[in-house]
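Below: one structure, written as structure tokens.
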There are 2 protein chains.
Amino acid sequence: MDPMTSSTPSPRSRKRPEERREEILGAAADIALEEGIERITLRAVADRLGVRPGLITHYFPAAEDLVIEAFTRAAEVERERFFPAAGTPVERLVHFIRYIESGTSAPLARLWLNARHLSRFSEPLRVVLDEQDALDRERLLALLREGVAAGEFGEVDVEVVCARIFIAVDGSGSYVNSGADLLGEAHARFISDVAEWALGMPSGALR
Amino acid sequence: MDPMTSSTPSPRSRKRPEERREEILGAAADIALEEGIERITLRAVADRLGVRPGLITHYFPAAEDLVIEAFTRAAEVERERFFPAAGTPVERLVHFIRYIESGTSAPLARLWLNARHLSRFSEPLRVVLDEQDALDRERLLALLREGVAAGEFGEVDVEVVCARIFIAVDGSGSYVNSGADLLGEAHARFISDVAEWALGMPSGALR
DNA sequence: CATGTTATTGACTGTGTGACCAACAGTCCA
DNA sequence: TGGACTGTTGGTCACACAGTCAATAACATG
């Protein structure tokens, strides 16, 4: 039987450590997004890779470390979709708002909801979540500061605007998570409404 | 040895079924609030009552039913603290806002965050969470309608106002949950700011 | 080709979980 | 008082989990 096409217990595929480590982290990040962070288990990760659970332990002696790194990875990958590199501050802000209001960010919203909850019980997760939160905040703050400097936003307190927008994003995400749109149409435009309000812009300016 | 004061394996205390059932639900609701819904386990509940796990099974043959009922109970108990029965609509709205901004509602915020997350994986929990959401929404909507009728709020779309306030509450709760106040002072007044904005009231009117 | 390194497996431990069930014992009624 | 009802126990089963370790087999290097 050709060992390459053998369907039964695939012959040991030995990989370079860095590559395997990346594979494991990727699988764990996928699980976090699809099934929830708490489902990142030695078994679940191993099954995704067609590998034995002991191997995961070999790379991550403490399972919690895998969880932390996988969450970080998932957060980083998803974040890059939020803030485009090019465009004026207003254009980038509109992209950010669209990204959320369109529902495209739903997986990330779920991941965040998930992490915020679990952070009550895991100090390491709380720390890394705070770090990722800070990174997001820095992105938006930079965008806002740039816009103020360019005269696109008027003279606003960027800290306050940033806080208002992010709280709105989290609130919106809570409802997106459950799938049901309990709050009607006002929900779909909530982020842009809040952003316009916080920035002192006329209603509809960011749509 | 006096069986009443015996400290060793407490003599079987037999209780009336309804009473015992209430006891179990209360203990489970406490666990949900203090340790998280997912920690409602036969053992955890039994330990709180100084009883054997099998007894919990006797009252709740399916553990999931206990979780659902306990969550409902916790949600109902906590909700009553939100909306006082007496006062003008504005007074009641201010009470509602104060209750949240003071941090008193933090346990409920955590419970909600917890439930929203778990509802992804439990259809029964999703259903009961939607029900409880609807009850909250009805309370606030009634308050708002009353205020509009009394001329206290002007001519606003109460549905939109309600949605905005609740999304704000959820967003605020997400950050309260982690303990760290990542967003600074703007956070503490966020609900009242949003309520004033949504109601078209001057800034500070609800403080 | 031989040898050492190490990626990978398989089997085991201990804990926590929900579910199940026979036996026990408190309570109430005849 | 005696029996029936049932609240309650203690034990067991099957499963999922993290963690440990010796044994194996693929690779790299000489």
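We use all heavy atoms of the structure for the numbers below, so side chains are in, but hydrogens, waters and symmetry mates are not. What you see is a predicted model, and the numbers here were worked out from it, not measured in a lab.
Minimum atom distance to the side chain of Arg43(A) is reached by dC17(D), of the listed dG18(C), dC17(D), dG19(D). Among the nucleotides dT9(C), dT17(C), dA19(C), the one closest to any side-chain atom of Leu55(A) is dT9(C). With dG7(D), dG18(C), dT8(C) as the candidates, the nucleotide lying closest to the side chain of Lys15(A) is dT8(C).
For the pair Pro53(B) and Ala63(A), nearest-nucleotide mapping onto DNA chain D gives the more 5' position to Pro53(B). Taking the nucleotide of DNA chain D with the nearest heavy atom to each of Val51(B) and Arg39(A), the more 5' of the two is matched to Val51(B).
If you check every strand for non-hydrogen atoms under 4.0 Å, Pro61(B) touches sugar and phosphate atoms only. Residue-level contact check: Phe60(B) touches neither bases nor backbone, having no heavy atom under 4.0 Å from any strand.
Between Arg73(A) and Glu78(A) no salt bridge is recorded (no basic side-chain N to carboxylate O distance below 4.0 Å). The pair Arg126(A)-Glu131(A) fails the salt-bridge criterion, with no side-chain N (NZ, NE, NH1 or NH2) lying under 4.0 Å from an Asp/Glu carboxylate O.
Judged purely by atom type and a 3.5 angstrom limit, Ser105(A) has no side-chain atom pairing as donor or acceptor with the backbone of Leu108(A). Although no hydrogens or angles enter the test, the distance criterion places a donor-acceptor pair under 3.5 Å between the side chain of Glu91(A) and the main chain of Thr88(A).
Within residues 19-26 of chain A, no residue places a heavy atom under 4.0 Å from DNA chain D.
Taking atom CG of residue Leu42(B) and atom C1' of nucleotide dC20(C), one finds them 12 Å apart after rounding to whole Å. The CD-C1' distance, from Glu38(B) to dC17(D), rounds to 16 Å in whole Å. Counting to the nearest Å, the C1' atom of dG18(C) and the CG atom of Leu66(B) are 12 Å from each other. A straight line from CD1 of Ile40(A) to P of dG19(D) spans 13 Å, rounded to a whole angstrom. Atom CD of Glu64(A) is separated from atom C1' of dG19(D) by 14 Å (rounded to the nearest Å).
Neither OP1 nor OP2 of dC27(D) sits under 4.0 Å from any side-chain N or O of Arg14(A). At the phosphate of dA18(D), OP1 or OP2 sits under 4.0 Å from a side-chain N or O atom of Thr41(A). The phosphate of dT8(C) (OP1 or OP2) has no side-chain N or O of Arg52(A) nearer than 4.0 angstrom. At the phosphate of dT8(C), neither OP1 nor OP2 sits under 4.0 Å from any side-chain N or O atom of His58(A). Proximity of Tyr59(B) to the phosphate of dG7(D): no side-chain N or O atom is located under 4.0 Å from OP1 or OP2.
In this structure, Arg189(B) CZ and Glu196(B) CD are separated by 10.0 Å, a value rounded to the nearest 0.5 Å. Note that OG of Ser172(B) is 13.5 Å distant from CD1 of Ile167(B), once rounded to the nearest 0.5 Å.
Note that Arg116(B) lies in the cation-pi zone of Tyr175(A), set by a 6.0 Å cut-off to the ring centre and a 45° limit from the axis.
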